[in-house]
Amino acid sequence: MTSRLDKLVRLTAERLGARQRGSVVVGAVRGGRSALHGADPGTLFEIGSVTKTFTALLLARFTVRGAVRLDQPLRDLLPRDITAPERGGEVITLGHLACHTSGLPRLPKGLLPRGLFRSDPYAGCTGEFLLDGLRRTRLRSVPGTRFHYSNLGAGLLGLVLARHAGTDYDTLVRSEICEPLGLADTRVVLDPGRAARLAGGHSRTGRPRPPWHLAALAGAGGLHSTVPDLLTLARAQFGPPPGGLADAIALTHTTAHRVNAGTAVHPGWISATLSRGRHRILFHTGGTGGYRSLLATAPEHRAAVVVLNASTRPVDRAGLDLLVRIIESGPGPDPVAATTGA
């Protein structure tokens with residue numbers, strides 16, 4: 001199995017890296033085995049919306065601890081002079097933010113057209129900007145009823161949780177998730193040593209792209225990470241995870257809002273079926289101005305794939321195809337009970 005896993009990962013890395021500028025790293029695990037190919041494993045990338053998996057896990061940790069509730073209104077964690085929008089007599093809850101069912105629009109009020117054509121479009125999204133815009137935001141649907149993907153919602157969740165804890169988002173992720181799991185390189189702000197290991201981003205046509213800074217919207221997509229760190233997070237999904245994270249991870253799997261017959265949204269994850277419905281997976285993708293990312297795990301099969309690319313060339317199909325091939329490539333670990341709740 002080890003040689004098959006290594007070959008599949010190597011071929012995927014070679015396929016993605018061909019005819020493009022920008023580093024790419026592909027990693028996978030199956031049970032206790034792992035493989036990694038591409039650029040140096042210590043290479044850092046912007047992981048974009050894969051950050052939302054971390055933000056939702058923060059919420060789950062706080063919920064398990066009793067510090068907040070999934071059904072707690074967002075307004076409880078806002079400054080007194082900030083009013084959260086409502087619709088149909090329903091209020092936005094923290095769980096709605098994590099599952100993209102708040103009804104909030106995709107982007108903050110006032111970002112367009114100001115940031116649309118900037119090379120670093122979210123850099124001006126301070127906490128004051130986000131909260132002031134929230135006052136003037138109209139919901140697209142009644143909270144809790146429909147799935148509307150929202151960077152604004154995820155960013156607000158990260159912001160209010162950090163303020164509730166009396167710290168900033170970067171520090172909170174590192175203390176609540178990275179330190180318990182042993183993630184050495186996952187953070188928003190890079191020190192000089194880690195900045196030197198950051199792969200330069202590129203457009204699809206190979207033009208260099210500047211880094212993004214998401215400011216107070218960091219919970220929606222501001223983290224940097226490496227493939228080894230994200231593989232550790234993936235392994236924690238089929239555990240047992242260290243650092244007292246088991247209950248929080250289980251909560252992110254079992255909490256779900258069904259989107260259609262085959263898909264559900266969870267705090268920090270999308271669950272879907274691959275290979276004609278034979279394999280249930282949890283995944284999230286990410287993209288910034290010069291990067292694309294994928295984190296996908298099949299907890300029942302103790303398998304996972306991570307792809308980080310310093311180019312805006314897509315990685316989703318190649319990564320998910322790799323996960324299916326790993327699952328179907330031969331004898332593996334005994335399946336474990338599904339806990340996706342979808």
Side-chain angles (χ1 to χ4, degrees), residues 16-17 20-27 38-39 42-56 100 105-108 111-126 129-130 149-159 169-170 173 183 185-191 194-227 229-230 233 268-270 283-296 306-319:
L16 287 171
Q20 79 160 35
R21 293 182 180 178
S23 301
V24 62
V25 184
V26 180
T43 304
L44 282 103
F45 298 78
E46 293 179 3
I47 65 172
S49 287
V50 174
T51 300
K52 294 178 174 70
T53 301
F54 289 82
T55 303
H100 301 281
R106 187 180 186 96
L107 298 174
L111 182 64
L112 298 177
R114 188 180 73 172
L116 182 60
F117 299 108
R118 292 185 177 180
S119 59
D120 194 3
Y122 296 99
C125 290
T126 63
F129 175 82
L130 294 180
Y149 190 85
S150 177
N151 283 323
L152 171 59
L156 281 172
L157 180 59
L159 177 64
Y169 178 79
D170 193 11
V173 168
L183 310 185
D185 289 317
T186 301
R187 55 195 62 204
V188 175
V189 180
L190 301 181
D191 57 33
R194 290 181 176 86
R197 292 191 275 125
L198 176 66
H202 295 79
S203 70
R204 190 163 184 161
T205 58
R207 298 182 63 181
R209 301 293 297 166
W212 277 10
H213 304 87
L214 273 74
L217 206 66
L223 285 172
H224 306 82
S225 193
T226 63
V227 166
D229 271 13
L230 293 182
L233 178 65
W269 299 98
I270 303 294
F283 74 98
H284 212 298
T285 61
T288 58
Y291 303 82
R292 292 294 181 268
S293 56
L294 170 72
L295 168 61
V306 174
V307 183
L308 298 181
N309 192 16
S311 165
T312 57
R313 287 179 176 268
V315 300
D316 307 359
R317 177 172 294 182

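The residues of the chain are indexed from 1 along the displayed sequence.
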Looking only at heavy atoms, which two atoms of [X] and [Y] are closest? And how far apart?
X	Y	value
Thr126	Ala216	C-CB, 3.5 Å
Ala310	Ala199	CB-CB, 3.8 Å
Ser225	Thr186	OG-OG1, 2.7 Å
Ala218	Val188	CB-CG2, 4.3 Å
Leu130	Cys125	CD2-CB, 4.2 Å
Ala195	Leu190	N-CB, 3.9 Å

Next on the checklist: Please determine whether side-chain contact (heavy atoms from CB on, under 4.5 Å) holds for the pair His284 and Ser49, giving the CA-CA distance in whole Å, both sets of side-chain angles, and the decisive distance to 0.1 Å.
Outcome noted: CA-CA 7 Å; His284 212 298; Ser49 287; 3.7 Å; yes
Item to check | Reference residue Thr312; test side-chain contact (heavy atoms from CB on, under 4.5 Å); the match among Gln20, Arg204, His202, Arg207 | outcome: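 Only one option passes, and that is Arg204.
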With rounding to the nearest 0.5 Å, note down the distance linking [atom1] in [X] to [atom2] in [Y].
X	Y	atom1	atom2	value
Leu295	Lys52	CG	NZ	13.5 Å
Asp185	Leu198	CG	CG	11.0 Å
Ser311	Arg209	OG	CZ	11.5 Å
Thr55	Leu156	OG1	CG	11.5 Å
Arg292	Leu308	CZ	CG	13.0 Å
Ile270	His100	CD1	NE2	6.5 Å

Checklist entry - Counting only heavy atoms not in Arg197, do more than 12 fall under 6.0 Å of its CZ? => result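 Above 12, so yes.
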Checklist entry - So do Arg194 and His224 actually touch side chain to side chain, heavy atoms under 4.5 Å? => result no
Checklist entry - Do Val227 and Val26 come within less than 4.5 Å of each other through their side chains, counting heavy atoms only? => result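 Val227 vs Val26: side chains apart.
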Item to check | Plane angle bin for Trp212 and Tyr122 - parallel if under 30°, tilted between 30 and 60°, otherwise perpendicular | outcome: perpendicular
Checklist entry - Which of parallel (below 30°), tilted (30 to 60°) and perpendicular (above 60°) describes Phe45 and Tyr291? => result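 Rings of Phe45 and Tyr291: perpendicular, as their planes differ by over 60°.
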Next on the checklist: Quick one, Tyr169 with Leu157, criterion side-chain contact (heavy atoms from CB on, under 4.5 Å). Give me CA distance, side-chain angles, the key distance, then yes/no.
Outcome noted: CA-CA 10 Å; Tyr169 178 79; Leu157 180 59; over 6 Å; no
Item to check | Worked check of side-chain contact (heavy atoms from CB on, under 4.5 Å) between Val24 and Arg313 | outcome: CA-CA 10 Å; Val24 62; Arg313 287 179 176 268; over 6 Å; no
Item to check | Between Asp316 and Thr285, a side-chain donor and acceptor under 3.5 Å | outcome: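 Note: Asp316 and Thr285 side chains miss the donor-acceptor criterion.
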Next on the checklist: Working note: Phe54 + Leu183, criterion side-chain contact (heavy atoms from CB on, under 4.5 Å); need CA distance, chi angles, decisive distance, verdict.
Outcome noted: CA-CA 12 Å; Phe54 289 82; Leu183 310 185; 3.8 Å; yes
